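In this text the structure is predicted, and so the values were computed from the model without any measurement.
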Amino acid sequence: YTNTASATGKSPSGTAVPVAQASATVNATLTGGITLSETVTPATYSDSGQTLTFTIAARNTGNVPLTGLELTSTNATLGSCAPVAAGGTLQPGASTICTATRVTAAADMSASCLENPVTASGALNGSPVSASATAKSCLTNQKTRETVKNFISRRVDILASNDADN
């Protein structure tokens, strides 16, 4: 960055003083960076039909604007972002918060945890940058205990029935 200044004036007797000019150049170091974090609420789930809400925070850690902000969510439906929407420009030091949701299904009851990998990307001073994060919500132990208890109960009933037949 170069700044040029000019000065004009008059002497005490009122005559014009020649114009004086000076300039100074400051070289700035342009740095780019982006961080991404993700949390999920609730941290545990116990049944199908529960909504998991993932909160995703992208922050420009550089000193130049991040343009073309894009976010992807692998296992949840990405919703809105504020104050900077997808495709927008994230100013230096600024953050934007996005949400993504997933409704648990019967098939999720066999998984110990559900993960949602997310990625944020854009360009800082023309150079591509990206960051990633993952949050997970885990099946509660209570549901696991109920499943084991039901299995054992059914097994005992079958064994008791076989003993009665003999």
Side-chain angles (χ1 to χ4, degrees), residues 1-9 19-148 150:
Y1 177 78
T2 301
N3 185 34
T4 303
S6 300
T8 61
V19 175
Q21 251 186 2
S23 63
T25 301
V26 176
N27 294 321
T29 302
L30 303 178
T31 59
I34 184 173
T35 59
L36 189 65
S37 63
E38 181 183 28
T39 59
V40 61
T41 304
T44 61
Y45 62 97
S46 59
D47 209 349
S48 60
Q50 283 185 265
T51 299
L52 305 178
T53 301
F54 296 88
T55 302
I56 305 154
R59 178 176 172 82
N60 180 350
T61 58
N63 63 6
V64 294
L66 180 134
T67 58
L69 175 66
E70 293 297 330
L71 290 117
T72 58
S73 172
T74 304
N75 293 324
T77 303
L78 191 60
S80 62
C81 299
V84 177
T89 297
L90 195 56
Q91 295 300 321
S95 296
T96 194
I97 305 294
C98 308
T99 57
T101 57
R102 177 185 174 132
V103 177
T104 58
D108 297 329
M109 297 305 105
S110 62
S112 59
C113 295
L114 294 176
E115 293 186 343
N116 184 47
V118 293
T119 302
S121 60
L124 289 163
N125 203 32
S127 298
V129 294
S130 66
S132 58
T134 299
K136 65 182 176 180
S137 181
C138 296
L139 185 63
T140 62
N141 289 336
Q142 179 61 34
K143 185 68 175 178
T144 304
R145 280 193 292 267
E146 289 173 10
T147 302
V148 170
N150 288 340

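- For R59, the salt bridge (charged side-chain N to carboxylate O under 4.0 Å, His left out) test picks out no residue, with sequence neighbours left out.
- The side chain to side chain contact (heavy atoms under 4.5 Å, CB included) test applied to A94 returns L90, Q91, not counting sequence neighbours.
- Screening residues 105-128 for salt bridge (charged side-chain N to carboxylate O under 4.0 Å, His left out), with sequence neighbours left out, gives R102-D108.
- Screening residues 119-133 for side-chain hydrogen bond (donor to acceptor under 3.5 Å, both in side chains), with sequence neighbours left out, gives no hits.
- Residue A107 comes nearest to S110 through the heavy atom pair O-OG, 3.0 Å, listed as atom of the first residue, atom of the second, then distance.
- Sorted by first then second residue, the disulfide (SG to SG under 2.5 Å) pairs that include residues 48-97, not counting sequence neighbours, are C81-C98.
- A side-chain contact (heavy atoms from CB on, under 4.5 Å) with N60 is found for exactly one of V129, L124, T89, namely L124.
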Can you list, pair by pair, the side-chain donor-acceptor contacts under 3.5 Å of residues 62-73, counting residues two or more places apart and other chains?
| residue | atom | partner | partner atom | Å |
| --- | --- | --- | --- | --- |
| N63 | OD1 | T31 | N | 2.7 |
| N63 | OD1 | T31 | OG1 | 3.4 |
| N63 | ND2 | T29 | O | 2.8 |
| T67 | OG1 | A123 | O | 3.3 |
| S73 | OG | A76 | O | 2.9 |
| S73 | OG | N116 | OD1 | 3.0 |
| S73 | OG | N116 | ND2 | 3.1 |

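- V118 places a side-chain heavy atom less than 4.5 Å from the side chain of L36.
- Checked by atom type and distance alone, the side chain of T99 never pairs as donor or acceptor with a backbone atom of G79 at under 3.5 Å.
- Counting only residues at least two apart or in different chains, disulfide (SG to SG under 2.5 Å) contacts with residues 32-66 are absent.
- Contact between P117 and T134 at its shortest, heavy atoms only, is CA-OG1, 3.5 Å.
- One finds the OG atom of S137 at 12.5 Å from the CG atom of N75 (value rounded to the nearest 0.5 Å).
- Counting all heavy atoms, side chain and backbone alike, A58 lies closest to A120 at CB-CB, 4.5 Å.
- Residues satisfying the side chain to side chain contact (heavy atoms under 4.5 Å, CB included) test with A85, not counting sequence neighbours, are none.
- Residue pairs that meet the disulfide (SG to SG under 2.5 Å) test with at least one member in residues 99-139, sequence neighbours left out, are C113-C138.
- Residues passing the side chain to side chain contact (heavy atoms under 4.5 Å, CB included) test with T55, sequence neighbours excluded: T39, I97.
- To the nearest 0.5 Å, atoms OG1 (T44) and CG (L139) are separated by 8.5 Å.
- In this structure, T104 contributes its side chain and G49 its backbone to a donor-acceptor pair below 3.5 Å.
- Taking OG1 of T51 as the reference point, atom OH of Y45 lies at 13.5 Å (rounded to 0.5 Å).
- Closest non-hydrogen pair, P42 versus L52, comes out as CD-CD2, 3.9 Å.
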